[in-house]
Structures are given as C-alpha cells and as structure tokens.
Asks: 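Quick one: the structure is below, and I'll ask about it shortly.
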Amino acid sequence: MDLRKVRDIGIVAHIDAGKTTVSERIIFYAGKTYRLGETHDGTAVMDWMKQEQDRGITITSAATTCSWKDHTINIIDTPGHVDFTIEVERSLRVLDGCVVVFCAVGGVEPQSETVWRQADRYSVPRIIFVNKLDRVGADFIRVVKEARKRLKANACPIQMPMGVEDNFLGIIDLITMKANFYNDKEGLEIEVKEIPEKYLKEASKMRAMMIEQLADVDDNIMEAYLEEKAISQDEIIEALRKATLSLQIVPVLCGSALKNKGVQLLLDAILHYLPSPLDVPPVKGIHPKTKEEVSRTPDPDGPLAALVFKVMTDPYVGRLLFVRVYSGKIEKGTMIYNQNLGTRERVSRILEMHANTRKDLDSLQAGQIAAIVGPKKTSTGDTLSPLEHPVILEEIHFPEPVISVAIEAANKAEDEKLSMALEKLLSEDPSLQLRIDAESGQVIIFGMGELHLEVIVTRLKEELGVDCRVSEPVVTFKETITRSHQVEERYVRQTGGRGQFAHVIMNFEPLSMGEGEIFENKIREGRIPKEFIPAVEEGVREAFTDGPLGGFQMTDLKVSLLDGSFHEVDSSKISFKIAAIRAVRKAMKHTAPAFLEPIMKLEIMVPAEYLGEVLEDISSRRGTVKELITRPAYHVVRGNSPLSEMFGYATSLRSLTQGRATYSMEPSHFERVPKQITDKMLG
C-alpha cells in the first residue's frame with residue numbers, strides 16, 4: 001500500500017448540519033454503495049443502529065473505507081449531538097484530517113465550536129464544507145465570517161456558490177475559475193463551463209482575496225503576487241496543501257449534499273489538502289518503564305504501535321476493537337501485546353468495516369484503520385506494541401458526565417442480565433460511568449445528558465432485553481472548599497503484634513474554577529519515607545470522591561503535605577493512606593465546603609415575535625443571555641443556564657413558540673450554587 005495515497009479522515013459537525021448526508025454522498029460517488037441513503041427516512045448506511053434510524057440522528061461513530069481517483073479514504077462519520085461528543089473525541093484522536101460541515105443557515109453553532117476545539121487539541125488539519133446552500137436563509141459569506149470570528153480560523157474560500165436557496169445552480173471553483181453545473185438529480189452529470197457573466201466580477205474578487213490569504217503564509221505565492229506574475233493552478237494547490245497541513249489556513253468549500261451538489265469537488269479537496277499518514281508528525285508516546293518520550297514513524301516494517309479507540313459488540317462477530325495502526329502491522333492469527341495491561345491476546349480476525357458490514361483482511365498495517373476480533377481484556381485507549389519495543393501512546397481525553405439515573409432490575413431473575421448488559425455498555429462507551437451507592441446499594445449510571453442516558457436505557461431494554469426500572473434524571477453536582485485550613489492527623493493502632501502508625505500535617509486551600517484537584521508534596525527529606533508519599537496521595541484522592549455535603553466528587557482544591565512522622569516498624573502504606581483519608585474528613589469541617597453545579601452553554605434560534613417570551617423564560621431558569629444576534633426572520637440567543645433548570649426545556653420551548661424555535665446546549669463549566677439553592681438541597 002502506498003501511504004501517500006491514503007487519507008484517514010473524519011466528518012464532524014453540529015447536529016443537523018448534514019454531516020451524515022455528506023458521508024452518504026461520498027460513499028455513493030466513490031462507488032461503495034449503489035443507492036443514495038437518506039438520514040430523514042432512516043435509509044442512511046452510516047446510521048445503521050435502530051435508534052439512529054428511529055431518531056434520525058447519529059449516535060455512534062461509523063467507519064468505512066472507499067476509493068477515489070486511485071486513493072484510499074478511511075472515513076469516520078461522527079455524531080453531532082453534544083451528548084455523544086466522546087465519539088468525536090476518540091475519532092479525532094486517531095485521524096489525520098477532518099471535514100468540518102457547517103449549515104449555510106445555522107452557521108457556526110455550539111457543537112461546531114466544540115468539535116473545532118477537539119480538532120485543535122490534536123492538531124488535526126481540516127477543511128470546511130458549507131452545506132445546505134439550497135435552504136431558505138442560506139448565506140455562504142456569513143458562515144465564512146463566523147468561522148473567522150468565532151473559531152479564530154483563517155478560513156479561505158476556494159469556491160463560491162452560484163446563487164442560494166431555490167436559485168442554487170452550482171459551484172464556481174476559484175482555483176480553475178470554472179463553473180460546475182449539475183444536470184441530473186443524482187449529481188453524476190457535471191458540466192464544467194466558463195463562469196456566467198453575472199458571477200464573474202464577484203468570483204474574480206474572491207479569487208484575488210484567496211491569493212492574498214495564501215501570500216500571507218507562502219513565500220513563493222507572495223513573491224509572484226508582488227511581482228504580479230501569473231500563478232498556476234498547481235502552485236495554488238501546492239501552497240494550499242502546505243498551509244492546510246501546517247494549520248495556517250482552512251480551505252472553505254460549498255455545496256448541498258442533499259441536492260447532490262459539490263461532493264465530488266469535496267472528494268478532490270480531501271486528496272489535495274488533507275494529509276496522508278506520511279504528512280503528519282511521528283506519533284509520540286512514553287516508554288512504560290523509563291517514562292521517556294518515544295516516537296514511531298508510519299513504517300509498515302517498524303515495530304507495532306497501534307491505539308484501540310473504540311469497542312463495539314457485533315451480534316454476529318462478537319467484540320470488535322477499532323484500531324489505528326501508526327507503525328508496523330497486525331496479522332491475523334498472531335499474538336499482540338497490550339502495554340497498558342501487560343497481557344498477550346490473540347487476534348483471530350481483522351475486519352475492514354463499512355458501517356455494520358464487514359470484509360475480512362489478512363493484515364493491518366501502518367496508516368490503516370480497521371477492527372480486530374479476539375482480544376477479551378483490551379479496551380478503549382489501550383496501546384498495542386511489542387514487549388521488546390514498548391510504547392504507550394497518549395490516552396484519549398474523556399469528558400466528565402453531568403447527569404445520572406438510578407437503575408435496578410425489575411426482579412431478581414433480571415439482576416445478572418442487567419449486570420452483564422451494563423458491563424458491555426461500559427466497555428463500549430467510556431463517557432458512561434457507574435457507581436454503587438454505599439448507603440442504599442443502588443446502581444447509578446452517569447452520562448453526558450438526558451438523550452445519552454435515554455439511549456442507554458432504550459438499548460438496555462430493546463437491544464439487550466433487560467427488564468429494568470429507571471429513576472428520573474438527576475444533575476451530577478460537585479463540591480469544593482471556600483476557606484483554607486491546616487490539619488494534623490495521627491493514626492495509631494496497637495493490636496498486640498505489629499501496630500499501625502502514620503502522622504501527617506496537611507494544608508487545604510481553594511483553587512479557581514476549573515483547576516481540578518492538586519496534591520503537592522512539601523515534605524523535607526526523611527520526615528516521611530518516599531515510598532509512603534504515593535499512599536498519602538491515594539488516600540487524599542479517594543477521600544475526594546465523597547464530598548462532605550452530598551457525597552459528590554470534590555474539585556478545585558489543593559492539598560499540600562507539609563510535615564509528618566513515621567515509625568520504623570509500625571508504619572506502612574495502608575496506615576498512611578488511612579491517615580490521609582481521616583485528615584481530609586477532619587479538614588472539611590473547617591473549610592466551608594460548597595456545591596458546584598454544571599452550567600450549560602445555550603443557543604436558541606427563535607422567530608422574532610417570540611423573543612420576549614423566550615428571554616423571560618431563560619431569566620426564570622437562572623439563565624443569563626451573553627449574546628443576541630439578529631438574522632433574517634429569526635434571532636439567535638446565546639447564553640448560559642444551570643443544567644438543573646433545563647429539564648423539560650424542549651417541551652417548554654415548543655409551547656412558548658408554537659414549535660417554531662429550536663435550541664441546543666452543551667456543558668460549559670461548573671459554578672458555585674447560590675446560597676438559597678444550597679439551603680434547599682441540604683433541606
């Protein structure tokens with residue numbers, strides 16, 4: 001396989017931007033499917049889960065491989081709803097480039113910003129596709145301006161639409177200065193003509209702006225621009241590719257995937273501007289023993305370095321592990337070594353995935369993404385590399401859950417079935433968490449939002465056949481401290497034989513919002529032996545999981561281990577851990593603990609005549625309006641509101657606006673709960 005002709009890309013977007021429709025058109029034009037699947041009628045190939053078809057949204061990322069102009073394109077179609085952002089996170093972790101789809105009407109929406117930040121985190125080169133130019137209210141230039149302003153992206157249009165809404169006729173390529181007209185319903189007959197006179201002036205102006213943007217980041221283009229030399233198409237494409245790979249420019253394309261316009265040009269742009277595995281820097285990790293940095297180049301003959309980024313259970317095949325191979329190869333029937341667990345497991349099958357259908361492969365090499373079958377213990381985030389050439393790759397960042405429900409089997413006979421089903425779902429979805437309440441014994445599952453937990457419960461009942469009862473959703477609060485305090489704790493136990501002794505002096509202080517939990521060792525040499533310090537930290541962090549007010553996770557505080565003492569015979573790791581836990585609990589009585597609640601970023605698109613009612617309703621929910629944007633026929637309201645006040649908001653908004661307003665929200669940050677609400681919570 002020629003790695004120069006491989007593209008590992010993702011399709012990401014805000015919900016309803018048309019991302020899955022773009023994916024469906026790509027695989028249709030690439031010859032992977034022979035009919036056009038539609039999200040709205042449940043026939044999309046990439047939305048294969050029953051719940052995705054029922055709800056008309058993407059819930060889980062789906063992978064496929066297709067060919068275009070002698071290139072192999074591995075594609076992951078990701079969800080747009082914020083409750084399933086983990087699917088985007090783990091996909092971007094293993095992809096080399098991505099297509100960010102924006103709706104020409106909605107523009108840069110909240111989840112657009114989230115996926116953009118995720119791509120920034122992993123330094124993923126991207127191109128923008130402005131979709132739905134056939135919709136009422138479509139505005140290509142406004143979306144480009146929003147991308148520059150809200151995302152701080154150096155968005156560079158390389159195409160422009162000929163008309164919008166019902167008059168969207170086709171696309172002008174600003175590099176070739178040709179017009180592309182679509183003469184059939186399926187978009188297969190493309191006629192390339194000279195640009196019509198009515199669009200020529202605007203196209204010339206936009207091409208000049210494109211050249212200026214390129215000149216700012218490319219010396220060769222700058223030189224030709226200043227000397228007023230003609231710049232060839234190949235020079236522009238080469239300069240755009242370099243600037244895109246170095247994250248200096250984001251090419252902007254346009255079209256309407258639903259009306260089959262612009263997708264072939266998008267495929268060409270994927271080949272031109274997004275990286276091959278050879279164009280990205282070597283993947284970095286750490287040596288599991290020495291903790292030194294290790295890098296791996298995309299060499300099929302090098303030592304294996306692969307990351308498991310997704311686990312899925314297939315009813316016919318069993319447990320599938322989706323892997324990205326960065327170096328070396330995996331062969332069917334061989335043993336692989338899991339560096340995170342220190343175990344060997346056999347690979348019985350290798351499968352190239354097309355949504356939920358499969359094709360057997362004999363091997364998987366550097367630059368490829370596929371699924372392996374066989375390993376039973378390996379899970380999301382694990383690194384596969386040889387024992388003699390160890391490396392552990394950077395782990396995947398998992399967002400924190402903000403909502404929970406209690407769940408129980410309907411009867412004793414269902415207990416074991418529920419336990420096994422939850423274990424399966426937890427292995428598939430790292431953003432789903434489980435805790436057993438110490439006092440009540442209740443099983444509590446934590447998720448990213450109401451829809452996330454609703455989907456989980458539906459899967460338990462319908463897909464996995466578990467008869468269970470579920471409580472109403474509850475907000476996952478956190479706790480913090482508001483005052484500093486120093487505490488001393490001695491733990492002494494004498495039982496006749498060897499006793500237990502530990503002595504610690506600690507200082508507790510509040511931190512700013514979002515700083516997390518920090519443990520600092522300030523012990524002078526010898527006061528407490530080094531081997532006991534990790535036990536102190538372990539005790540502190542364990543105590544943080546059970547806050548003093550409501551048993552919530554504690555955050556935004558710093559603990560400094562200042563001093564202490566030990567006994568040559570009676571001191572042990574467990575005694576220092578217990579002393580640390582007791583010190584935390586003692587300190588909490590003097591640090592004025594407080595609740596923190598999740599605050600949601602809110603965006604509402606509301607017709608002008610209902611704006612007053614919507615603003616009043618936000619205020620009644622302890623919400624604040626940060627920005628009010630006026631667009632033709634409607635307003636965009638952006639603000640924040642506590643999650644606890646947003647349950648049932650969809651129904652309320654429909655009632656207020658006769659079903660004409662839409663909204664989206666995503667977790668933003670945690671804030672201190674007001675005193676009157678705290679008093680109610682403590683009852």
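We're numbering straight along the sequence, starting at 1. These figures come from a predicted structure and were not determined experimentally.
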Asks: Salt-bridged, E165 to R135, with N to O below 4.0 Å?
Replies: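 Not counted as a salt bridge, because no side-chain N and carboxylate O are separated by less than 4.0 Å.
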Asks: CD of E627: more than 12 outside heavy atoms within 6.0 angstrom?
Replies: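 Result for CD/E627: enclosed.
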Asks: Please determine whether the number of non-hydrogen atoms from other residues, nucleotides or ligands lying under 6.0 Å from atom OH of Y225 exceeds 12.
Replies: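 Atom OH in Y225 is not packed in, count stays at 12 or less.
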Asks: I'd like to know if E597 pairs up with R622 as an ion pair, taking the criterion as any Lys NZ or Arg NE/NH1/NH2 lying under 4.0 Å from an Asp or Glu carboxylate oxygen.
Replies: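 Here E597 pairs with R622 in a salt bridge, since their nearest N and O are under 4.0 Å apart.
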Asks: Can you tell me how the ring of F595 sits relative to the ring of F552, calling it parallel under 30°, perpendicular over 60° and tilted otherwise?
Replies: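 F595 vs F552 ring planes: perpendicular.
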Asks: Indicate yes or no: at least one non-hydrogen side-chain atom of N260 is less than 4.5 angstrom from one of R25.
Replies: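 A side-chain contact under 4.5 Å exists here.
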Asks: Kindly give the heavy-atom pair with the smallest separation between L151 and S112, and that separation in Å.
Replies: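 Reported closest heavy-atom pair: CD2-O, 4.4 Å.
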Asks: Once rounded to the nearest 0.5 Å, what's the spacing between atom OG1 of T624 and atom CG of N640?
Replies: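 If I round to the nearest 0.5 Å, the distance is 5.0 Å.
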Asks: When you measure from the side chain of R7 to the backbone of L271, do you find a donor-acceptor pair of N or O atoms at a distance under 3.5 Å?
Replies: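 Between the backbone of L271 and the side chain of R7 there is a qualifying donor-acceptor contact (under 3.5 Å).
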Asks: With a 4.5 Å heavy-atom cut-off, do R672 and M513 have their side chains touching?
Replies: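 Contact flag for R672/M513 side chains = yes.
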Asks: Short question: side chain of N131, backbone of A17 - any donor-acceptor pair under 3.5 Å?
Replies: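 Side chain of N131 to backbone of A17: a pair is present.
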Asks: With no hydrogens and no angle check, is any side-chain donor or acceptor of T244 less than 3.5 Å from a backbone partner on Y273?
Replies: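 Not confirmed, T244 side chain does not pair with Y273 backbone.
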Asks: Given side chains that start at C-beta, do those of H272 and L240 come closer than 4.5 Å, heavy atoms only?
Replies: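 When only atoms from C-beta onward are counted, L240 and H272 do not touch, as no gap falls below 4.5 Å.
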Asks: For E238, look at atom CD and say whether over 12 heavy atoms of other residues, nucleotides or ligands are found less than 6.0 Å away.
Replies: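 No - once you tally the heavy atoms of other residues, nucleotides and ligands closer than 6.0 Å, there are 12 at most.
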Asks: Kindly confirm or rule out a cation-pi arrangement of K261 over F168, judged by NZ or CZ under 6.0 Å from the six-membered ring centre and within 45° of its axis?
Replies: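 Relative to the ring axis of F168, which defines the angle, K261 lies inside both limits.
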Asks: More than 12 foreign heavy atoms under 6.0 Å from CG of D219: is that the case here?
Replies: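 No - once you tally the heavy atoms of other residues, nucleotides and ligands closer than 6.0 Å, there are 12 at most.
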Asks: Does the side chain of P161 reach to within under 4.5 Å of the side chain of C254, using non-hydrogen atoms?
Replies: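 Heavy-atom side-chain distance check passes, below 4.5 Å.
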Asks: Inspect the surroundings of CD in Q676 and state if more than 12 heavy atoms from other residues, nucleotides or ligands are less than 6.0 Å away.
Replies: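 Yes, the 6.0 Å shell around CD holds more than 12 heavy atoms from other groups.
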Asks: Using a cut-off of 6.0 Å, state whether more than 12 heavy atoms not belonging to N183 lie near its atom CG.
Replies: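 Atom CG in N183 is packed in, count exceeds 12.
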Asks: Do D617 and Y610 have side chains that get closer than 4.5 Å, going by heavy atoms?
Replies: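 D617 vs Y610: side chains apart.
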Asks: Checking E645 side chain against G623 main chain: does a donor-acceptor pair fall under 3.5 Å?
Replies: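 A pair under 3.5 Å: no.
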Asks: Does any N or O in the side chain of R241 come within less than 3.5 Å of the main-chain N or O of P275, such that one atom is a donor and the other an acceptor?
Replies: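 Flag not set: sc R241 to bb P275 has no pair under 3.5 Å.
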Asks: Out of S641, S644, S652, which residue meets the side-chain hydrogen bond (donor to acceptor under 3.5 Å, both in side chains) rule with R621?
Replies: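 Among S641, S644, S652, the one that satisfies the side-chain hydrogen bond (donor to acceptor under 3.5 Å, both in side chains) with R621 is S652.
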Asks: For the pair E394 and R121, find out whether any cationic side-chain nitrogen is under 4.0 Å from an anionic carboxylate oxygen.
Replies: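 Salt bridge flag = no for R121 with E394.
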